[in-house]
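Treat the numbers as computed from the prediction; the structure is a model and nothing was measured. Numbers restart at 1 for each chain; the letters A, B, ... are given by sequence-line order, proteins then strands.
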2 protein chains.
Amino acid sequence: MCADLCCEEKCIHQDIVNKVETHLPNDETLYDLAELFKVFGDSTRIKILYALFEAEMCVCDIAELLNLTQSAISHQLRVLKSAKLVKARRAGKTVFYSLSDEHVRLIINQGMEHVIE
Amino acid sequence: MCADLCCEEKCIHQDIVNKVETHLPNDETLYDLAELFKVFGDSTRIKILYALFEAEMCVCDIAELLNLTQSAISHQLRVLKSAKLVKARRAGKTVFYSLSDEHVRLIINQGMEHVIE
DNA sequence: CTTTCATATGAACAACTGTTCATGTGTTTA
DNA sequence: TAAACACATGAACAGTTGTTCATATGAAAG
C-alpha cells in the first residue's frame with residue numbers, strides 16, 4: 001500500500017504497516033521505556049550501579065569511591081530510586097543503597113556487549 | 001577500611017573497595033555505555049527501532065508511520081546510525097534502514113521486562 | 001540540463017539535565 | 001538540649017537534546 005505512505009515505487013506494504021501497529025506498545029509504555037534507558041544514560045549513574053554490583057553501600061562511601069560530592073551522588077540515587085533500580089535501607093544516620101533486582105545487571109551487561117563489539 | 005572512607009562505624013571494607021575498583025570498567029568504556037543507553041532514551045528513537053523490528057524501511061515510510069516529519073526522523077536515524085544500531089542501504093533515491101544486529105532487540109526487550117514489572 | 005523526489009544537514013530555539021552551593025531534615029551522641 | 005553527622009533537597013547555572021524550518025545534496029526522469 002505504498003500510496004498510503006510517501007514513496008511511489010517500492011515502499012512498505014500494508015501488512016507490514018499492520019504488523020508494526022500491532023506490535024508497537026502504546027505511547028505510555030514506550031515513554032516509560034525511554035525514561036528507563038535515560039536513567040542508564042549517564043556515566044555517574046552507571047558507576048553507582050557498578051559499585052552496587054559488589055555490595056550495598058551508603059551515600060558517602062559511594063561518593064568517596066567515585067570521587068564525587070555527596071550531593072551529586074544523593075541527587076543521582078534519587079533518580080535511580082524513582083526508576084526502581086535501587087532501594088534504600090536506613091540504619092541510624094546512615095542510609096544503605098542496593099540494587100532493586102537483577103534486571104539492572106542484565107540490562108547493563110546487554111548494553112556492554114554492544115559497546116565492546 | 002572505613003577510616004579511608006567517610007563513615008565512622010559500619011561502612012564498606014577495603015576488600016569491597018578493591019573489588020569495585022577491579023570490576024569497574026575504565027572511564028572511556030563507561031562513557032560509551034552511557035552514550036549507548038542515551039540513544040535508547042528517547043521515545044521517537046524507540047519507536048523507530050520498533051518499526052524496524054518488522055522490516056527495513058525508508059525514511060518517509062517511518063515518518064508517515066510514526067506521524068513525524070521527515071527531518072526529525074532523518075536526524076534521529078543519524079543518531080541511531082552513529083551508535084551502530086541501524087544500518088542504511090541505498091536504492092536509487094530511496095534509503096532503506098534496518099537494524100544492525102540482534103543486540104538492539106535484546107536490549108529493548110530487557111528494558112521492557114523491567115518496565116512492565 | 002532541468003525538474004522532481006527522497007533524504008541529509010545546518011541554524012535556531014525551547015526544554016531538559018547534571019553539577020555545585022547553600023541549607024534543611026532526621027538521627028545519634030555528648 | 002545542643003552539637004555533630006549522614007543524607008536530602010531547592011535554586012541556579014552551564015551544557016546538552018530534540019524539534020522545526022529552510023536549504024542543500026544526490027539520484028532518477030523528462
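Rounding to whole angstrom units, CD1 of residue B:Ile48 and P of C:dT7 are separated by 13 Å. Spacing between atom CZ of B:Arg45 and atom C1' of D:dT19 amounts to 12 Å, rounded to whole angstrom units. The CG atom of B:Asp42 sits 13 Å away from the C1' atom of C:dA15 (whole-angstrom rounding). Rounding to whole angstrom units, NZ of residue B:Lys93 and P of C:dA8 are separated by 15 Å. Per the geometry, CZ belonging to B:Arg89 stands 14 Å off C1' belonging to C:dA6, to the nearest Å. In this entry the distance linking CD1 of A:Ile62 with C1' of C:dT19 reads 17 Å, nearest Å. B:Phe37 has its CZ atom 18 Å from the P atom of C:dT17, to the nearest Å. A:Phe40 has its CZ atom 14 Å from the P atom of C:dG18, to the nearest Å.
A side chain to side chain contact (heavy atoms under 4.5 Å, CB included) with B:Met112 is found for one member of A:Leu33, A:Leu36, A:Asp32 and no other, namely A:Leu33.
Along DNA chain C, the nucleotide nearest A:Arg90 and the nucleotide nearest A:Glu35 are compared for position; the residue whose nucleotide lies closer to the 5' end is A:Glu35. Residue-to-nucleotide proximity on DNA chain D shows that, of A:Ile73 and B:Ala72, the 5′-proximal contact is made by A:Ile73.
For A:Ser71 against D:dC7, a side-chain-to-base donor-acceptor contact under 3.5 Å is absent. For B:Thr44 against D:dT19, a side-chain-to-base donor-acceptor contact under 3.5 Å is absent. With hydrogens and angles ignored, no donor-acceptor pair closer than 3.5 Å exists between the side chain of B:Thr94 and the base of C:dC5. Judged by distance alone with a 3.5 Å cut-off, no donor-acceptor contact links the side chain of A:Gln70 to the base of D:dA6.
Using a 5.5 Å limit on the distance between ring centres and a 30° limit on the angle between planes, the aromatic ring of A:His75 does not count as stacked on the six-membered base ring of C:dT19.
The phosphate of D:dA8 has OP1 or OP2 within less than 4.0 Å of a side-chain N or O from A:Tyr97.
At least one donor-acceptor pair under 3.5 Å links the side chain of B:Arg45 to the backbone N or O of B:Lys38. Without hydrogens or angle criteria, B:Arg90 side chain to B:Gly92 main chain gives a donor-acceptor distance under 3.5 Å.
Between A:Phe37 and B:Phe37, the two ring planes are parallel [angle under 30°; tilted spans 30° to 60°].
When distances run from any side-chain atom of A:Cys60 to the nucleotides C:dT17, D:dC7, C:dT7, the shortest one goes to D:dC7. Of all nucleotides listed (D:dC7, C:dA8, C:dG18), D:dC7 comes nearest to the side chain of A:Val59.
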Legend entry - side-chain contact (heavy atoms from CB on, under 4.5 Å) evaluation trace for B:Gln14 with B:Val17: CA-CA 5 Å; B:Gln14 185 59 41; B:Val17 174; 3.8 Å; yes

